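All figures in this text were calculated on a predicted structure; none of them were measured in a lab. No hydrogens, no waters, no symmetry mates; every other heavy atom, side chains included, goes into these values.
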Amino acid sequence: MKQLKPRRVGAGDEEAAAEVVVPLAPRKDYCCWSWSWSSWCLLKALTLLLVLLTGVLIGFGASANISRYYYYTLLTGTSTSSSSPPSLISSNSPTPPSTLAMSSEQHISQPFMSFVHPGSPEGHSMTDAELFWRASMVPRVEEYPYQRVPKVAFLFLTRGPLPFARLWERFFRGHEGLYSVYVHALPEYVLNVSATSPFYGRQIPSRDVSWGSITLVDAEKRLLANALLDHSNQRFVLVSESCVPVFNFPTVYEYLINSAQSYVESYNIDVPQCAGRYNPRMAPDVTEQQWRKGSEWFELSRELAVDIVADRRYYHVFRKHCTPSCYPDEHYIPTYLHLVHGPRNANRTITWVDWSRGGPHPARYGKASVTKEFIQAIRNNGTQCLYNGRPTTVCYLFARKFAPSALGTLINLTTTLLDF
């Protein structure tokens, strides 16, 4: 269609001019309008999608910050009013927190050190379930991001006073940083020692314990778990209030730190005090052939200590079926290690005790019995054992059972035979 051009009109011709129509190309204009509308809709959809994705990313970031802040407060027991959560690694360090490998010379933040060295065990209020869960955590990175000096943890299981505390204080003296002390006593008992004593502030949150019941195993696991919170603790020795060391600290430390095995007595003989305590209801988890007995006074590596604290399967079997007259403290750990870690256990104890007199308790030695010759006989009595696959005559590092009256004689021996 030919386009018509409007004619020029004057002021009196507005009405006529209004009737002049200039046809356009409606189809072409409509198509352009449609395309613009679709593009606008698509652009709007993409914009909304971009906003949505941005919101999701911001949400993940906020969640990560909240989780990290919660983790920080859980480890340190503190909170902060700062809007940004503190880092576990000091911001002054040239290495970012995401870096896994860190040289021992770099600055380590206080919150991190509070995690690997938690300080006094008296300060926490965790339940056993919470404590065991946290203590069973194992880092998958083998290299330590700080200068770690391995320590020996001494776990004292006692009803109350420690009559040989003075002897142990001499034993530990001068070796700070190489040992840790943990004491499990009756809940109502408060250990009365000076602020300079290695036992000061070392009582763990405890529970009532009954002889011959699973509560003794609970106490042992409680001691292990508290000690595992300190990541420098490498070896774990269970001792009683009647135990004494028969060698000086350097000898004990080198012996344990350099050992390739743990020291838990574990055997099975056909007598009422051993095989006769097996309950057939323990099968199939624990068979009669797998049943073991041993001394309660153990020594464990860190790896085995973690596994014992984390164990639920065999613990529940013993809790249910190893009832009084079974004595779980003499069977649970020996049986568990035989089932799970046989080659890593030396199958012997490093705590000497005299059962030659018979009865349910070992012989007890007081002032009249404790002499230099007696202690020397414990240290080297002709017994041979294996240490890292080689024969040795140094088989016992500790001894029990001693009466409080023996303290004076033992103190006198520290400057001669015992050399501490």
Side-chain angles (χ1 to χ4, degrees), residues 127-129 131-132 155-161 182-189 204-226 236 238-243 264-300 305 307-340 345 347 349 351 353-364 400-401:
T127 65
D128 281 353
L131 174 65
F132 296 165
L155 318 177
F156 287 82
L157 181 58
T158 177
R159 290 183 294 271
Y182 301 85
V183 180
H184 187 295
L186 295 177
E188 63 273 12
Y189 180 77
I204 69 170
S206 306
R207 303 288 185 272
D208 286 320
V209 173
S210 299
W211 182 66
S213 74
I214 196 69
T215 58
L216 269 173
V217 174
D218 295 337
E220 293 169 3
K221 296 181 77 166
R222 206 171 288 128
L223 280 164
L224 284 172
N226 276 277
F236 304 79
L238 181 69
V239 292
S240 73
E241 72 274 15
S242 66
C243 281
V264 178
E265 194 175 47
S266 180
Y267 60 87
N268 188 0
I269 56 178
D270 190 15
V271 296
Q273 295 81 8
C274 182
R277 294 176 180 175
Y278 173 74
N279 187 342
R281 294 182 179 179
M282 290 184 170
D285 295 286
V286 179
T287 66
E288 190 171 4
Q289 292 71 32
Q290 296 168 332
W291 178 253
R292 290 294 183 274
K293 173 183 167 64
S295 171
E296 176 184 2
W297 312 104
F298 58 71
E299 193 282 333
L300 296 169
D307 283 358
I308 288 171
V309 168
D311 172 57
R312 290 294 178 270
R313 175 184 175 184
Y314 297 106
Y315 170 80
H316 286 305
V317 171
F318 274 80
R319 186 179 189 88
K320 185 175 182 180
H321 299 298
C322 191
T323 50
S325 76
C326 171
Y327 304 105
D329 56 298
E330 296 180 3
H331 295 278
Y332 167 67
I333 291 181
T335 301
Y336 175 80
L337 293 185
H338 170 72
L339 286 167
V340 182
N345 180 29
N347 278 357
T349 180
T351 300
V353 66
D354 181 8
W355 287 97
S356 63
R357 301 179 187 180
H361 299 287
R364 194 178 191 210
R400 64 185 299 268
K401 192 173 187 179

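The two residues L216 and S210 make their nearest non-hydrogen contact at CG-O, 4.0 Å. For the pair E220 and I333, the tightest heavy-atom approach, listed with the atom from each and the gap, is OE1-CD1, 3.6 Å. In plain terms, the two heavy atoms of R222 and P205 that are nearest each other are CD-O, 3.3 Å. Of all non-hydrogen atoms in R400 and P362, the two that sit nearest each other are NH1-CG, 4.0 Å. Between V209 and A219, the shortest heavy-atom distance links the atoms CG2-CB, 3.9 Å. Of all non-hydrogen atoms in Y314 and L339, the two that sit nearest each other are CE2-CD1, 3.5 Å.
The main-chain N or O of H361 is never found under 3.5 Å from a side-chain atom of K401 such that the two would form a donor-acceptor pair. With hydrogens and angles ignored, the 3.5 Å screen pairs no side-chain donor or acceptor of Y336 with any backbone N or O of D311. Side chain of N279 to main chain of H321: a donor-acceptor pair is present (N/O by atom type, distance under 3.5 Å, no hydrogens or angles). The closest donor-acceptor contact from the side chain of S266 to the backbone of P334 lies under 3.5 Å. Between the side chain of R277 and the main chain of Q273, a donor-acceptor pair closer than 3.5 Å is present. Side-chain N or O atoms of W297 include none that pairs as donor or acceptor with a backbone N or O of C243 at under 3.5 Å. Not a single donor-acceptor pair under 3.5 Å links the side chain of S206 to the backbone N or O of L186. The backbone N or O of W291 sits less than 3.5 Å from a side-chain atom of N268, completing a donor-acceptor pair. Between the side chain of D329 and the main chain of E296, no donor-acceptor pair closer than 3.5 Å is present.
Interatomic distance, CD of Q290 versus OG1 of T287, reported as 3.5 Å (0.5 Å rounding). How far CG of L337 is from CD1 of I308: 4.5 Å, rounded to the nearest 0.5 Å. Put simply, CG on N226 and CG on L131 are 5.0 Å apart, with the number rounded to the nearest 0.5 Å.
Between R292 and E265, none of the side-chain N atoms (NZ, or NE/NH1/NH2) sits under 4.0 Å from a carboxylate O, so this pair counts as no salt bridge. A salt bridge between D285 and R313 is present, with a side-chain N of the basic residue lying under 4.0 Å from a carboxylate O of the acidic one.
With Y267 as the aromatic partner, K293 does not meet the cation-pi criteria of under 6.0 angstrom to the ring centre and within 45 degrees of the ring axis.
The number of heavy-atom neighbours closer than 6.0 Å to CZ of R159, taken from other residues, nucleotides and ligands shown, is 12 or below.
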Passes side-chain contact (heavy atoms from CB on, under 4.5 Å), R364 versus S242? Steps please. CA-CA 9 Å; R364 194 178 191 210; S242 66; over 6 Å; no
Passes side-chain contact (heavy atoms from CB on, under 4.5 Å), I269 versus C274? Steps please. CA-CA 6 Å; I269 56 178; C274 182; 3.9 Å; yes
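Two residues are said to be in side-chain contact when any heavy atoms from C-beta on lie closer than 4.5 Å; F298 and T349 fail this criterion. The side-chain heavy atoms of K221 and Y315, taken from C-beta on, include a pair separated by under 4.5 Å.
Note on ring orientation: taking the six-membered ring where Trp is involved, the planes of Y332 and F318 are perpendicular (angle over 60°, cut-offs 30° and 60°).
A side-chain contact (heavy atoms from CB on, under 4.5 Å) with H184 is found for exactly one of L223, D218, T158, L155, namely L223.
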